[in-house]
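The structure appears right after this line, and notes come after that.
Just so it is clear: chains get the letters A, B, ... in the order the sequence lines come, proteins before strands, and each one is counted from 1.
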2 protein chains.
Amino acid sequence: MKGQSAIRLARLQQALASGGTLRLADAARLCGVSQMTIRRDVAASGGTMTFLGGRLMMAGDPQFAPLYDLDEQKGSHPLAKQRLCQRAASFIDEGDSLFIDCGTTLMPLVGALGNFEQLTVVTYALNVANAVGHLANVRLVLLGGLFHASSSSFESDAMPAAISRLGINKAFISAAGIHPEKGVSCFHFHEVVPKRAAIASAGQRILVTDGSKLGVIRPAFFADLDQFDIIVTDAETGRQLDEAQSMQSHEDRIKVVLKY
Amino acid sequence: MKGQSAIRLARLQQALASGGTLRLADAARLCGVSQMTIRRDVAASGGTMTFLGGRLMMAGDPQFAPLYDLDEQKGSHPLAKQRLCQRAASFIDEGDSLFIDCGTTLMPLVGALGNFEQLTVVTYALNVANAVGHLANVRLVLLGGLFHASSSSFESDAMPAAISRLGINKAFISAAGIHPEKGVSCFHFHEVVPKRAAIASAGQRILVTDGSKLGVIRPAFFADLDQFDIIVTDAETGRQLDEAQSMQSHEDRIKVVLKY
DNA sequence: CTATTCATGTTATTAAAATAACATTTGCGT
DNA sequence: ACGCAAATGTTATTTTAATAACATGAATAG
């Protein structure tokens, strides 16, 4: 009798892989052992699964991640994103057809979509799709392809064609780096294709970013700053961007929205 | 002071829309009221949100649905699907490229995928994609398009072309109705296109179904029984299918796998 | 064959969440 | 202004989950 515990763990993991929860009592019955043994197994497994209110579930699932982790800096960052997206959402009109970029920055934007009668959302991000899929008032178009877990998004060379066929009203774009001269960049190269396609075909281009990205350069450039019609950011970043733009001709100036 | 409660509910719902959880304490702070008030709000909202272990979350999220609901018939059906998929998984080989159909029937199949080194999964179902996306050893290709919440799947006329380009080894197909003469059917018409494309291009076609579907006819037919190489079902259904086939010529006979 | 260890079960204890009961505030009509 | 009623806050109680402690039984080494 050696790896009994591991066998049980594997069985539970398999049961939970399709994404659900198991009551402790059921998990125990499934494995034919006592509840205490299941608890011990899970505790020894070191973080792959957790209990939450008497229910066993896969840990590390973003679904269960608290929105504001109190252990971090007191809600400053998540709240910042929420405020940012609240501001960004003010540019949405009834009946709009929106492109929503991948990443975590624009997730709170989805929450604001419930206030409209009818919208259409186009995205290539799985997390965005999941959130939007729950809204009855929003038509969702997901651009599929090969999945990249690192960005929770899909890659496909068919995306530009698909996007150009879709008629996107407003494109909400996120970024990992923003540089006044060098432009806007992100981490993953496969994001460049859909980002560029959305920027090219959208009626209005809205860049949403918090201050931590200013002056930062990431591996994959995908746009210049002046390709955006609106930039939604916080006060300090906005001020600096304004300064940088003042040196340009007045015609090129883009609208920068300050949040705080 | 009239709809204060509704306002708080809306705010919480918006915060949770992007998919996550809120500790009760955080929810209370977010709304500037006591925890008890939040509890009362949520209780009065009637099921849109629930508490689970001190954390607020959107109810009805499949992510939180118990795998076996004890209130139902004692695990008979969910366990049946699990056994069915365990049997179906025995046809998977290392390195395979699998098509996985939409619906709940094939969800447990995803749990069995963790035992392999390297697989590729092609699907047009959001629930399948979510489950597969967590597995590091599986490459996921999601066929996107317009989302249908009813079946948690996508519709696109580009799917046949995309599927034919993919080289699918084995196609696991689910159905809502199986009739010996009339063939295999499902509820939604948009599922027909990807199902047929997968059946057409796959090396091996595996139909997975429990006994409750036998003799049932649903709106959208998509295949005849003899288009499948393997049918994984339970004993009684298998027996009846065997009988029906005995009346046909021996050449047409397909392999029926009994489970119990 | 027996002592020891490990895995598990059982029971007791503690901590935490859900509920209930009661107190307080606030808004509003008379 | 007064009093009523709705809404919220506070405290107490019950229930439930999590932890700890102890007991049992099988497996193995000496």
| Are the aromatic rings of B/H148 and B/H190 close, with centres under 6.0 Å apart? | yes
| request: Quick one: sort the B/F147 and B/F154 rings into parallel, tilted or perpendicular, breaks at 30° and 60°. | output: tilted
| query | Can you tell me if A/N137 uses its side chain to pair, donor with acceptor, with the backbone of A/N115 under 3.5 Å? | reply | no
| task | Quickly work out the B/Q4 CD to D/dA5 P distance and round it to whole Å. | result | 21 Å
| Expressed in angstrom and rounded to an integer, what is the separation of B/L56 atom CG from C/dA18 atom P? | 10 Å
| query | Are A/T37 and C/dG9 close enough that a side-chain N or O sits under 4.0 Å from OP1 or OP2? | reply | yes
| field | Spacing of A/Q35 atom CD relative to C/dA12 atom C1', expressed in whole Å | value | 16 Å
| Heavy-atom distance under 4.5 Å between the side chains of A/L106 and A/V128, does that happen here? | no
| Sugar-phosphate or base contact per nucleotide [nucleotides 16-22 of chain D; S, B, -; heavy atom under 4.0 Å] | -SBBBB-
| note | Taken to the nearest whole Å, CD1/A/I38 to P/C/dA7 is 15 Å
For residues 41-50 of chain B, tabulate all N or O donor-acceptor pairs below 3.5 Å that involve a side-chain atom, not counting sequence neighbours.
from	atom 1	to	atom 2	distance (Å)
B/D41	OD1	B/S5	OG	3.0
B/D41	OD1	B/R8	NH2	3.1
B/D41	OD2	B/R8	NE	2.4
B/D41	OD2	B/R8	NH2	3.0
B/S45	OG	B/V42	O	2.8
B/S45	OG	B/T48	OG1	3.3

| request: Go through the steps for A/D93 and A/K170 under the test salt bridge (Lys or Arg N to Asp or Glu O under 4.0 Å), then give the verdict. | output: CA-CA 10 Å; A/D93 291 313; A/K170 285 152 190 170; 2.9 Å; yes
| task | Find the distance A/D41:CG to C/dC6:P and express it as a whole number of Å. | result | 16 Å
